[in-house]
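There's a structure below that I have some questions on.
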Amino acid sequence: MAESAASFLFNQLTLFLQQEQELLGGIGDNAVYIRDELGQMRAFLRVADEKEETDPQLKEWVNKVRDITYDIEDVLETYMLKLAHLHRDEDGYKRYIKKIYASVKTLMVRHQIASDFQKIKLRMENVSKTQLRFKDIYGYKDQGSSSQTYDTRGDALLLEEEEVVGIEKPKKQLVEWLKETRDGLMVISMVGMGGLGKTTLVKKIFDDASVKANFECHVWVTVSQNFILESLLQDMINKLANEVKLRPPQNLGTMNADEMKEYVYKFLKDKTYLIVLDDVWKIDVWESIRYAFPRKSASSRIIITTRFSSIGNAACSETCGHLYDLDLLNAEDSKKLFYRKAFPRNTCPSYLKEISESILKRCKGLPLAIVVIGGLLATKKNNFEDWKMFEHNIGFELHGDDLKRMNKLLSLSYYDLPYHLKACYLYLSIFPEDYFFDKVEVSQLWIAEGFVEAKDGMLLEEVAETYLKELHNRSLIQVAHTNHDGAVWFRIHDILREYIISKSREQNIFTAITCGGEMMFPDKIRRMAIHSRLKETKEFYKLKYLRSLFWLELEDIKSLLFLQKVLSHCRLMKVLNLNKAPIESIPNEVFKLYHLKYLNLSRTNVKVIPKSIGNLGNLESLNLEGSKVTEVPIEILKLHKLRHLLVESDNDTDDDSPAWVQGLKAPYEIGSYLTSLQTLCCIDAEETDGIKIVREVGKLTQLRRLSITKLRREDGMDLCLSLVKLTNMRSLEISSINKDEVMDLDHSLSSSNFPFLGKIYLHGRLEKFPRWVYSLLGLVEVGLFWSRLREDPLQHLEDLPNLVSLVLDHFAYEGEELILKAGRKFQKLERLCLLELRGLTSVRVEKDSMPQLKHLEFWRCEGMEELPEGIEHLRNLCYLSFVDMSEKFNGRLAEQKHEGGGEEWKLAHVPRVEVWDLVNDEWKRLL
């Protein structure tokens, strides 16, 4: 984390020295010295970040470096703020004497920053001297990810001695795969976050007598973080030899890795074998030993357990194996396991049931947390006060001596992170419990904070997305929800969140205010999240260097007044999130925040954006989704750095317009001034001051995401001519002005115009299906709304090789029948939603159609009376729902279930089937 701060400051100082040379004078030498020292420290700081937990003195040194980098940032940005105000004021001076006054003030500012830099230089000299001693101890070579030594075996097998619960389903599946009658080697990967019980489950299978009977050799090898190839191979050879009661080769200790791999290969060549590689942290492990295992040995199996989905996929894919993504325990199994540990000899007393439920909610199905916390509470002998105290302080208890084992397991994943991901991961602790976040929101926040490193050929947003994917790959965040349009929302498990909250406090990443009453702030708060209603405080001076404010419980006028006081004290703020705040206007103090990069006013009652928005020259993200704003002033064109503009409000005329949202009336010449825009959602197509906005859009060549509404038939040609120029487009949404207006989009566009387009949503009538759409081979998501197509739209889309999600909604198709055809059609489609196709009477599923389909929804398809014919052919279907269908359909479905019953029912193969109906304006679940 300290390395991330140092790198950010190194880059900022470099830019500052380039831009401000004329104003620096004598400041320059000290600034250059500090920059160069930071540059030299960065490589060693990566090592220090990894080692600090085991060396208190090194940890103290890292904290000092972190404090210095924070102070440099404060001095630098305060200087830039003062100069900006002086220069802005100077432009308005008309008298010579005021210009002289501005020059004197500039000299005073330079004198102050010179003094501040001199003090920092002295501190930097001291830490540089101390660094030399630590370099002698630890070296300074950049070693990448953590090499810290942990003995993880005890934690990984913590549940082995317990009577585990909730493993029946995954155990049954893994055993089936192990017993598949298929010759040759097969790799099975078990993937999931730390503490899920991957090792425990696989060990139960490994020890199962019915499994062992299928293999001549079975060996368990623990890999863990500190992977040394020679040691792993020696361990494997010793265990293989022991399997057949032989002594290991006498020269084993002198063999090199290649010789040992050859020995393993020959040993296993004519045998059936089961080998477990437990706790694999790096793909290098599999790459370095995979050829030691004979591929043609009859029915041989390797099981890999890992926290990394990328490792699991890579290992099993080359042998056409299987990947099992282990899930959290359900509520019933969680309760059963918790009660077994917390009350080993008795049942749960009635007075502890409510507290038990509260604690279980925090564990969220994580077996390790349930077992460790349950075991700890068992020592409290059902004492109500002790249990209540633990519930209240669970976040602090997780770091106590009694829970060190679990805390240690959680820390493994954090310390294994590359240096640039540590700050990004800790930053996620700013979100409240059970908060769902998406990649767009998080990417913009990380960029505004300076956490994302620039890479050649990539936008910062693209780099940030790779960060998020890596955190998911490492099982540090989980998918919480997927919308019908394919948008993915993530969350952090509560136990992991408690861990990173403690690390964030320790490293001064952020401060959370979670209870009411008078607040006592720590010194020099840099980021603050307020999760509760507040009373007064006298410590506003501590907010001087605040960079980020997340205000998530702004409920009354007192809170609004408090917000204004906070903003008046923190002029260095970069991130301001007032999502859902009940405010009708933006506080004037916001427009004095020169450094502000991210402003979120979504779902507020704000109606007007004042002209002073033009003061925010560094603003990169402006989110007004769900607000009352429908127009922005011409001054917004001054925001040349603006990358993301989201202005989508609720549409109150849903019966007349197919659009989900009300767009923004854009200022004229938006295409000539806001040339950095990557996101523009949503903009009205109507003319502004005589300028056609659909033509202006074509000038915004950096656009990645565009949503445009109120399109008229006559605008179609101009829009298509503009779209030709937007070759970086990733997501496109077009809506007509009303449901009867035809969208004329069938013009000369092709896949070459949109090499990266992955998502397209069309809201409005289509006389012809745009031919260029089904030439877009990279499309992943397609949505059609109000299209009123008479031809089956599936025939136009079935050959798109990468299509994953397809939504047909609100009369998108007016025909009576849809056919899901066999053959190589929709090979990757996982989600199909057929919503409000009221003319649809039947759906026919041919055998071998849509082989990957997992999610199928029907909403208000009132003409349907029967289940889709052949629905049993969709063998991978996981979720099927029917919502507000006809009475005849619901009645017939109930009859079929009753008549068929058990495994003979057509839907017996679908794990989750739901039938909902709207009764007296309330949703009622029928199945």
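For reference, positions follow the sequence shown, starting with 1.
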Notebook entry, point to check: Quick check: are there more than 12 heavy atoms from other residues, nucleotides or ligands sitting under 6.0 Å from CD1 of Ile228?
Noted result: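 Not buried by this count: 12 neighbours or fewer within 6.0 Å.
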Check: Would Phe510 and Tyr427 count as a close aromatic pair, with their ring centres under 6.0 Å?
Finding: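 Ring-ring flag for Phe510/Tyr427: false, centres at least 6.0 Å apart.
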Check: Should the pair Lys198-Asp325 be classified as a salt bridge under the 4.0 Å nitrogen-to-oxygen rule?
Finding: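 No salt bridge links Lys198 with Asp325.
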Note to self: With rounding to the nearest 0.5 angstrom, report the CG to CG distance, Leu601 to Leu576.
What the structure shows: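 Answer for the CG-CG pair, Leu601 versus Leu576, is 7.0 Å.
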Checklist line | Partners passing salt bridge (Lys or Arg N to Asp or Glu O under 4.0 Å) against Glu470 (at least two apart in sequence or in another chain) | finding: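 Glu470: salt bridge (Lys or Arg N to Asp or Glu O under 4.0 Å) contacts with Arg474.
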Item checked: Interatomic distance, Ile68 atom CD1 to Ser128 atom OG [nearest 0.5 angstrom] ->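 Rounded to the nearest 0.5 Å, the CD1-OG separation comes to 8.0 Å.
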Check: Between Asp278 and Thr305, does any side-chain donor sit less than 3.5 Å from a side-chain acceptor?
Finding: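 There is such a pair between these side chains.
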Margin query: Strictly below 4.0 Å, N to O, side chains only: are Glu449 and Arg527 in salt-bridge contact?
Written below: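 Counted as a salt bridge, because a side-chain N and a carboxylate O are separated by less than 4.0 Å.
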Check: Backbone N or O of Gln702 within a donor-acceptor pair of the Arg704 side chain at under 3.5 Å?
Finding: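 Yes; at least one donor-acceptor contact below 3.5 Å.
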Notebook entry, point to check: Aromatic rings Phe437 and Phe431: how do their planes relate, parallel, tilted or perpendicular, breaks at 30° and 60°?
Noted result: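 The arrangement is parallel - the two ring planes meet at less than 30°.
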Margin query: Within this structure, what is the OG-CG distance for the pair Ser602 and Asn577, rounded to the nearest 0.5 Å?
Written below: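 Nearest 0.5 Å value for the OG-CG distance: 6.5 Å.
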Margin query: What verdict does the side-chain contact (heavy atoms from CB on, under 4.5 Å) test give for Arg547 and Asp74, after you've listed the backbone C-alpha separation in whole Å, the side-chain angles of each residue and the deciding distance to 0.1 Å?
Written below: CA-CA 10 Å; Arg547 294 308 199 282; Asp74 294 339; 2.8 Å; yes
Check: Between Asn63 and Trp61, does any side-chain donor sit less than 3.5 Å from a side-chain acceptor?
Finding: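 There is no such pair between these side chains.
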Check: If you measure from the Lys or Arg side-chain nitrogens to the Asp or Glu carboxylate oxygens, is any gap between Glu287 and Lys282 under 4.0 Å?
Finding: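 No, no charged N to carboxylate O under 4.0 Å.
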Check: Do you know the tightest heavy-atom contact between Ala257 and Leu229?
Finding: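 Minimum heavy-atom contact is CB-CD2, 3.7 Å.
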Note to self: As a quick check of understanding, evaluate side-chain contact (heavy atoms from CB on, under 4.5 Å) for Tyr425 and Leu417, giving each step before the final call.
What the structure shows: CA-CA 9 Å; Tyr425 188 49; Leu417 283 172; 4.0 Å; yes
Next item on the list: Using the ring of Phe490 (Phe, Tyr or Trp, six-membered ring only), decide whether Lys439 places NZ or CZ under 6.0 Å from its centre and within 45 degrees of its axis.
Entry: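 Lys439 over Phe490 ring: no.
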Checklist line | side-chain contact (heavy atoms from CB on, under 4.5 Å) assessment of Asn600 paired with Leu578 | finding: CA-CA 6 Å; Asn600 187 342; Leu578 297 176; over 6 Å; no
Margin query: For Leu572 versus His595, what's the shortest heavy-atom pair and its separation?
Written below: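 Shortest heavy-atom separation between Leu572 and His595 comes out as CD2-CD2, 3.8 Å.
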Checklist line | Approximate separation, where rounding is to 0.5 Å, of Cys570 SG and Leu549 CG | finding: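 With rounding to 0.5 Å, SG (Cys570) is 7.0 Å from CG (Leu549).
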Next item on the list: Without swapping roles, check the side chain of Ser621 against the backbone of Tyr598 for a donor-acceptor pair under 3.5 Å.
Entry: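 Pair absent, no side-chain N/O of Ser621 close to backbone of Tyr598.
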Checklist line | Atom of Arg571, atom of Leu593 and distance for their closest heavy-atom approach | finding: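 Result for this residue pair: CA-CD2, 4.0 Å.
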Next item on the list: Nearest 0.5 Å please: distance from the CG atom of Leu645 over to the SG atom of Cys681.
Entry: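 Here the rounded value is 9.0 Å.
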Check: Considering residues, nucleotides and ligands other than Glu230, do more than 12 of their heavy atoms fall under 6.0 Å from its CD?
Finding: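 Enclosed: over 12 neighbouring heavy atoms sit under 6.0 Å from CD of Glu230.
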Margin query: Has Ser475 got a side-chain atom pairing as donor or acceptor with Arg307's backbone, closer than 3.5 angstrom?
Written below: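 Checking the backbone N and O of Arg307 against the side chain of Ser475, a donor-acceptor pair under 3.5 Å is found.
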Item checked: Separation of His472 NE2 from Phe308 CZ (nearest 0.5 Å) ->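 Nearest 0.5 Å value for the CZ-NE2 distance: 13.0 Å.
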Note to self: Check the orientation of Trp446 and Tyr467. Use parallel for under 30°, tilted for 30 to 60°, and perpendicular for over 60°.
What the structure shows: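 Rings of Trp446 and Tyr467: tilted, 30 to 60°.
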Check: Quick one: do the Asn618 and Lys641 side chains pair a donor with an acceptor below 3.5 Å?
Finding: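 Side-chain D/A pair, Asn618 to Lys641: present.
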Notebook entry, point to check: With Glu461, which of Arg730, Arg705, His644 fulfils side chain to side chain donor-acceptor pair (under 3.5 Å)?
Noted result: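 Option passing the side chain to side chain donor-acceptor pair (under 3.5 Å) with Glu461: His644.
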Check: Would Gln478 and Met193 count as a side-chain contact (heavy atoms from CB on, under 4.5 Å) if you check the C-alpha gap in whole Å, the side-chain angles of each, and the deciding distance to 0.1 Å?
Finding: CA-CA 9 Å; Gln478 293 84 43; Met193 66 181 289; 3.6 Å; yes
Check: Is there a donor-acceptor pair under 3.5 Å between the side chain of Thr306 and the backbone N or O of Val280?
Finding: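 Looks like yes, one N/O pair under 3.5 Å.
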Checklist line | Backbone N/O of Val440 and side chain of Ser443: donor-acceptor pair under 3.5 Å | finding: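 Side chain of Ser443 to backbone of Val440, a donor-acceptor pair under 3.5 Å: no, none is there.
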Notebook entry, point to check: Distance under 6.0 Å and angle within 45° of the ring axis: does Arg526 meet both against Tyr70?
Noted result: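 Here Arg526 passes the 6.0 Å and 45° test against Tyr70.
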Check: Are the charged groups of Glu77 and Lys574 less than 4.0 angstrom apart, N to O?
Finding: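 Salt bridge flag = yes for Lys574 with Glu77.
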Check: Which atom names give the shortest non-hydrogen contact between Leu426 and Gln507, and what distance separates them?
Finding: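 Where Leu426 meets Gln507 most closely, the heavy atoms are CD1-OE1, 3.7 Å.
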Next item on the list: For Asn473 and Lys469, indicate whether the former's side chain and the latter's backbone hold a donor-acceptor pair under 3.5 Å.
Entry: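 A pair under 3.5 Å: no.
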Check: Ignoring hydrogens and geometry, is there a side-chain-to-backbone donor-acceptor pair from Asn728 to Thr701 under 3.5 Å?
Finding: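 Yes; at least one donor-acceptor contact below 3.5 Å.
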